[in-house]
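Read through the structure below, which is laid out as structure tokens, and then see the notes.
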Amino acid sequence: MERARERSAGQREQRPAGPYADLSGESPETELELLVHGVGGTTPEKMLGDPRTVRVTGDDTAAVFRRAEDAEGAPDGSGTGGEAGAERGRERRSGPVREAYVWCNLTSGDGSRALWLLLLPFMVVNLAHWMRPAAPGRPRVVRLYGLLVRLCALTLTVLLVAAACEVALDLVAWQCAGVQACVRRHSWLDFLSPAAGGWWSAPGRRLALAGTLPVTLTGLLWYLSHRTWRAYESHRPLSSTPVATDDERGSADDERGPAGGGAVPRSGGPEPGGDDVGPVGHGSALARPGFWYGRRLVARLRAAHTAAGLLTVAAAVTTPAARFDHRPGGPAVLDVLGLGLAAALLLCGAAVVVVVCRRGRSEWRLDQRLDRHLVRRLPLAALALLLLGLVYAGWSRPGWQSTGRLPGDPSFGALMLAQGLLVVALATVAGYLHRRRPDPRAGMRGLGGPAVALLACALGGVISGGVAQRVADWLDGTRALLTGPPVLLTWQASVIPPLLAVLLLLVAGLALHTARLARTERDRVRHEHPGEPEDPARTRAIAHARAMATLTDRAPLVVAVLTATTLVLGSVALAGALATRKTPDGAAHRTHHLVQAVAETSQALGSWLVGVGFLLFVTWGRRAYKDASARRTIGILWDVGTFWPRAAHPFAPPCYAERAVPDLTWRMATWTRRTGGRLVLSGHSQGSVLAAAAAWQLPPSVRGRVALLTYGSPLERLYGRWFPAHFGPPALAALHHDIDCWRNLYRRTDPIGGPVRVPDETSPDVDHEPLRDPLAYGRTPDHPLPAPILGHSDYQTDPAFTRERARLLTRLHPELPGQRPELPE
């Protein structure tokens, strides 16, 4: 009854002034279908089934398109034919007017996005923030979870910059430039050689010069984060909620309140063009007005991570000089300066940690105010300390020579240990939250976030180790001139072969299970088509497609095995490196010959695999820069990984939903208020996730005119299991309550989409029965050629799609809106 009153009130209201005013007069449109495509992208011509399309709103990055005939009478005033053109469009079409929202360029546009591959660990750790279990009534524990993820993300930034310092400062400037035989192999290092006696030959000056590489890397990360935020994530959501006051800003936090379960109050405020609205219950934080606007947090984290990177370079440059000055008989003045600089670095580092720990996301209101003093002063303070460190390290020190590895080798072990402890603490917190309200469908019993955080750390370590190993081999192919990279990086490479062996066993087990399931499905396929001549090949193909589609449901097992194996092998690598301080083959030198053979093989094979993997990684990115098809393939990865805002790592690839969700909400709100008509929001695959997020953001009066049609949707199968706090059963039930006209289509052969499982005794079920795939088993008059097995694609070709869309429009409100009075001039 309450929703019916909202709809009636929405139908009676007059056209508002302001941004929702109808400047083109009364429109004949009463029904609209807004299509949202899925991963990989497509073209508006394919989505609308017409070679002639017109962009009615948007830009080259994301836009809404219509058929040319339909655009001739669009209420946006974009057409040229007026009511006569609209009449011609109605004659040529059946069903509602169709619009296509094309957002693929947000993730797979120009070739520079291939560089985002280098940010993969940052993207993965950012996902861990959103994968926490639902925890109603535990705001402090939820804040602790977010804090641990942000600290884990900070260690990844330090690890990346430390890896750049290892390559530039240690391997090149300290080791190779200090050995004459290595300099002869690489003549471009002649001016750094002590034998040349040049000004740059002093060890400290070599380090200061080499420090420009990691500093440039840090500056590039800052620039990319700042630029992509302005390009993708600076669009304001559809909300007229007042900007938070200073007192509210001080107490706002991303995890405050019962997020993910129960009723979450939506901040009040006047709707665009309407009256004030009271609190509305929601089961997901995605309904909060400021969820898709993380400007303040991203700016704070960007400043902190930039400062952390600069401080890492400063520490790598000044530590060797400070250790040399602190020797007995060293220069007293330089010794005091070194100690003072070290204390300043520690103090600034503590400030970075405090900034990261202090505040999370502010989602209850559009928080547009930046902490400008902090955002500017913290990186500038770190830059000042870096410049002082470069001057200090470049000071003349007679008798100083570079031998062995660069001092500071234990830093990689300390980072790995800190990451392990953070992941263990994160798993403890996640387990506690899951036990507070167990969700049997949650992936890995609520431990998906810690598992993903661990994999992000492991991926960062593999990339760092791969770069160091390849550069060391390039500088010293004989491995006789240089000491080489830190021992821990060699141990990390050595555990890769046993990890791959475990994965191969897991793949073999999954293949066997899938084969058995396919044999079982054959009997079901035969029973589903009684009376038709059996085609064994056809039966096997259908059964195989269904069995392969179930592999998605085995993802928690794969992640669990991979995480457990990574944790065990990583612990072995850290313990072996710290206990022996030797490489694996060196540590096994006096052991049994079998142990020696295993250690030598693992070390050699692991180093080769890391090098080949890194080269393939770079080659893939370079190919994507030149090849549009490969660039789109990479874009598919970001379609899934960058849906979520940057809440943990500011250098992660940008969140496209912070542009797409406001686009969709603004389009739906403006169209419904201009026409008073009814709208079907039609989302496929990842587009259904965007559609759900946009539906949560709509004001109540607009939601009364909007129906939701999802197909091939991962809302429950993927997002509900891996992100239970935001897409778990309570959240989807709340979405069904808000958008009561919701229908979901899926197939048993679809490896991505599935049912959403939201039963409701007061309204029809959301899930349609599984669609037939293929549409016909054998040849029929309607299908004289064998019907293809569609799986995840071409849902709109199924007759059920048109039928369910028509039913949604009927259920929405069958009566047409009446004539509205003209606005006074």
Taking only residues two or more places apart in sequence or in another chain, which ones pass ring pair (Phe, Tyr, Trp, His ring centres under 6.0 Å) with His684?
-> Tyr711, His792, Tyr795
Looking only at the aromatic ring of each residue, does the gap between the centers of [Y] and [X] stay below 6.0 angstrom?
X: Phe727; Y: Phe723; answer: no
X: Trp644; Y: His129; answer: no
X: Phe643; Y: Trp292; answer: yes

Quick check for you: to the nearest 0.5 Å, what is the distance between [X] atom [atom1] and [Y] atom [atom2]?
X: Arg546; Y: Glu521; atom1: CZ; atom2: CD; value: 5.5 Å
X: Arg138; Y: Leu433; atom1: CZ; atom2: CG; value: 9.0 Å
X: Leu708; Y: Leu679; atom1: CG; atom2: CG; value: 10.5 Å
X: Arg143; Y: Leu147; atom1: CZ; atom2: CG; value: 10.5 Å
X: Tyr101; Y: Arg667; atom1: OH; atom2: CZ; value: 12.0 Å

Decide yes or no on side-chain contact (heavy atoms from CB on, under 4.5 Å) for Met444 and Val559, but give the supporting numbers first.
-> CA-CA 8 Å; Met444 296 180 61; Val559 175; 3.6 Å; yes
Do [Y] and [X] meet the salt-bridge criterion of a basic N to acidic O distance under 4.0 Å?
X: Arg67; Y: Asp70; answer: yes
X: Arg748; Y: Glu528; answer: yes
X: Glu716; Y: Arg441; answer: yes
X: Asp663; Y: Arg659; answer: yes

Hey, does the side chain of [X] reach the backbone of [Y] with a donor-acceptor pair shorter than 3.5 angstrom?
X: Thr552; Y: Pro751; value: yes
X: Asp773; Y: Thr749; value: no
X: Asp750; Y: Ile752; value: yes
X: Arg646; Y: Ala652; value: yes
X: Glu658; Y: Tyr293; value: yes
X: Arg747; Y: Ser793; value: yes
X: Arg717; Y: Gly753; value: yes
X: His736; Y: Val766; value: no
X: Asp794; Y: Thr797; value: no
X: Thr802; Y: Pro799; value: no

Nearest heavy-atom pair of [X] and [Y]: which atoms, and what distance?
X: Leu447; Y: Ala427; answer: CD2-O, 3.5 Å
X: Pro133; Y: Ala430; answer: CG-O, 3.5 Å
X: Val706; Y: Leu698; answer: CG2-CD1, 4.1 Å
X: Ala648; Y: Asn126; answer: N-OD1, 2.9 Å
X: Val525; Y: Ala543; answer: CG2-N, 4.3 Å
X: Trp696; Y: Ala731; answer: CZ2-O, 3.2 Å

Without placing hydrogens or testing angles, list every side-chain donor-acceptor pair under 3.5 Å for residues 688-695, not counting sequence neighbours.
residue: Ser688; atom: OG; partner: Ser685; partner atom: O; Å: 2.5
residue: Ser688; atom: OG; partner: Ser713; partner atom: OG; Å: 2.8

Going through the distances and angles, do Gln686 and Tyr719 end up as a side-chain hydrogen bond (donor to acceptor under 3.5 Å, both in side chains)?
-> CA-CA 10 Å; Gln686 187 70 13; Tyr719 282 82; 2.6 Å; yes
Only counting residues at least two apart or in another chain, list the ones meeting side-chain hydrogen bond (donor to acceptor under 3.5 Å, both in side chains) with Asp798.
-> none
Step-by-step side-chain contact (heavy atoms from CB on, under 4.5 Å) determination, Glu33 to Val97 = CA-CA 6 Å; Glu33 180 184 10; Val97 176; over 6 Å; no
Checking side-chain contact (heavy atoms from CB on, under 4.5 Å) for the pair Asn744/Leu709: CA distance, chi angles, key distance, verdict?
-> CA-CA 6 Å; Asn744 180 64; Leu709 178 60; over 6 Å; no
Step by step, work out the side-chain contact (heavy atoms from CB on, under 4.5 Å) result for Leu35 and Leu681.
-> CA-CA 6 Å; Leu35 298 164; Leu681 182 58; over 6 Å; no
